[in-house]
Structure formats: C-alpha cells, structure tokens
Amino acid sequence: MIFEIIGMIIIAYLLGSIPTGLWIGKYIYHKDIRKLGSGNIGTTNTFRTLGFKAGVVVLIFDVLKGTLAASQPYFLGISGTVNPLLIGLFASLGHTVSIFDNFHGGKAVATSAGILLAYNPFLFLIACLIFIGIMCLTSMVSAASITAITAIFLIALFIRDWILAIVAGILTAIVLYRHISNIRRILAGKESMVNFGLGYYLRQKKQNK
C-alpha cells in the first residue's frame, strides 16, 4: 500500500506540474505567457493574452489535472483507504511549484476545482455557481476564485467533512497567498475586470462621468 500511495503522489504532482498555459503559448502561439499580461501561466491570463480558444483549452486541462490526480484511488479501488483529496492535493502543489517551470506556476484555482470534481461533483457544482455569481457581481476573476474556495472550506466545516475541511483550508491558504497582489489591487480599486458584470458596468459608468 505504501508504494501505491507514493506512486499516486508522484503522478499527482507530475500531472499538476504540467504548465498547460505555458506550453500552449510556447508551442502553438509562439509566445511566452510569462512575459504577457500578469505573467501568470493560468487560465485567466491565458484568456487575456492568448484568446478565448486557448483559455478554454487551458481551463479544461487544468481542471482535468486535478480530477485525474484525485481519481487515482478510485481507479485502484482503494478510495475507502486512501482519501482522494489527499492525493489530489499534490496536483495543486504541482500546479503552483511546477518542476517543468523552474518550480514556479499558477494559482491552483482550476486544478483545485478539478480535485473537488473527482471527490464530490455536487460541491463542485456549488463552487462553480458561487464563482459565476461573484464574478457577475464584481467582474473580478480573482474575487470569484477567492470566494469560491473559501466557501467550500466553510461548507466542509458545516457538514463536518474534516478531510475536505483540512484540504480546502490548505488550498484556501495557497490561493490567498497566490492572490496577495490581486487583493491589494481590489482594496485599491485597481483590480483588472472582465468586460461584463455589475462591477464592470459601475466602473465604466464612473469613468464616463
């Protein structure tokens, strides 16, 4: 069992480490996404710098990284012994400190969502609805990401799913840390916005006065 666990952890880390946005930008668009926009290799900056199609592909692959990593105990038939969340956590770690990107990486939001999808599709749906709702209100992907992961942590505490609470708590801390610069811009009223939603409308209205 110990060798199976070690193997799953290594695979999860390597899956999470795949820098989807970086590789798509480099090999398909011949652009280094680390030198464009925010410099982040994740989904949001891919949408912003490489376009809609590239953004969708990166989003799907980054979610799948977490889902496949966390699904390993199901594949091996040992999910009753090894909690999928604990294995999936290493995919998010890989995404943030990728061995393929000099131990740099993204902000772990999409990959963490993928872990949740493998563990509990219903909570994944709730997280998506919260994310969409907050983004429509604030027009900020960062605010939506922070709120969604924090909400799952609080829900886990409420339903007394302690393993989920621990993993979600760790991921919330990672996401908050990776979004420190975004939080500062939000507080200063300077955070980037998508071109829809209430926040965008109010900012445009203010600028047009």
query: Counting heavy atoms not belonging to Phe196, are there more than 12 under 6.0 Å from its CZ?
result: yes
query: Would you say Tyr29 has more than 12 foreign heavy atoms packed within less than 6.0 Å of its OH?
result: yes
Any side-chain donor paired with an acceptor under 3.5 Å for [X] and [Y]?
X      : Y      : result
Tyr119 : Asp161 : yes
Thr111 : Asp62  : no
Ser112 : Ser92  : yes

task: Just jot down the ring-ring contact (aromatic ring centres under 6.0 Å, His included) partners of Phe100, sequence neighbours excluded, or say none.
output: Trp23
- prompt: How far does CG of Leu76 sit from CD of Glu4, to the nearest 0.5 angstrom?
  reply: 6.0 Å
- prompt: Between atom CD1 of Ile149 and atom OG1 of Thr172, what is the distance when rounded to the nearest 0.5 Å?
  reply: 4.5 Å
Taking the side chain as C-beta and beyond, is there a heavy-atom pair between [X] and [Y] under 4.5 Å?
X      : Y      : result
Ser142 : Glu191 : yes
Lys107 : Ser145 : no
Val63  : Thr67  : yes
Arg160 : Trp162 : yes

- prompt: With ILVMFWY side chains joined below 4.5 Å, transitively, what does Ile186's cluster contain besides itself?
  reply: Met140, Met193, Tyr200
- prompt: Just by distance, do the side chain of Lys65 and the backbone of Ile18 share a donor-acceptor pair under 3.5 Å?
  reply: yes
Could you tabulate the donor-acceptor pairs under 3.5 Å formed by side-chain atoms of residues 44-51, not counting sequence neighbours?
| unit_1 | atom_1 | unit_2 | atom_2 | d |
| --- | --- | --- | --- | --- |
| Asn45 | OD1 | Ser38 | N | 3.0 |
| Asn45 | OD1 | Ser38 | OG | 3.4 |
| Asn45 | ND2 | Ile33 | O | 3.4 |
| Asn45 | ND2 | Leu36 | O | 3.0 |
| Asn45 | ND2 | Asn40 | O | 2.8 |
| Thr46 | OG1 | Gly42 | O | 2.7 |
| Thr49 | OG1 | Asn45 | O | 2.7 |

field: Qualifying residues under salt bridge (charged side-chain N to carboxylate O under 4.0 Å, His left out), relative to Asp101, sequence neighbours excluded
entry: Arg34
Which donor-acceptor pairs under 3.5 Å do side chains of residues 120-128 form with protein atoms, sequence neighbours excluded?
| unit_1 | atom_1 | unit_2 | atom_2 | d |
| --- | --- | --- | --- | --- |
| Asn120 | OD1 | Phe122 | N | 3.1 |
| Asn120 | OD1 | Leu123 | N | 3.0 |

- prompt: How would you list all residue pairs meeting side-chain hydrogen bond (donor to acceptor under 3.5 Å, both in side chains) that involve residues 75-91, not counting sequence neighbours?
  reply: none
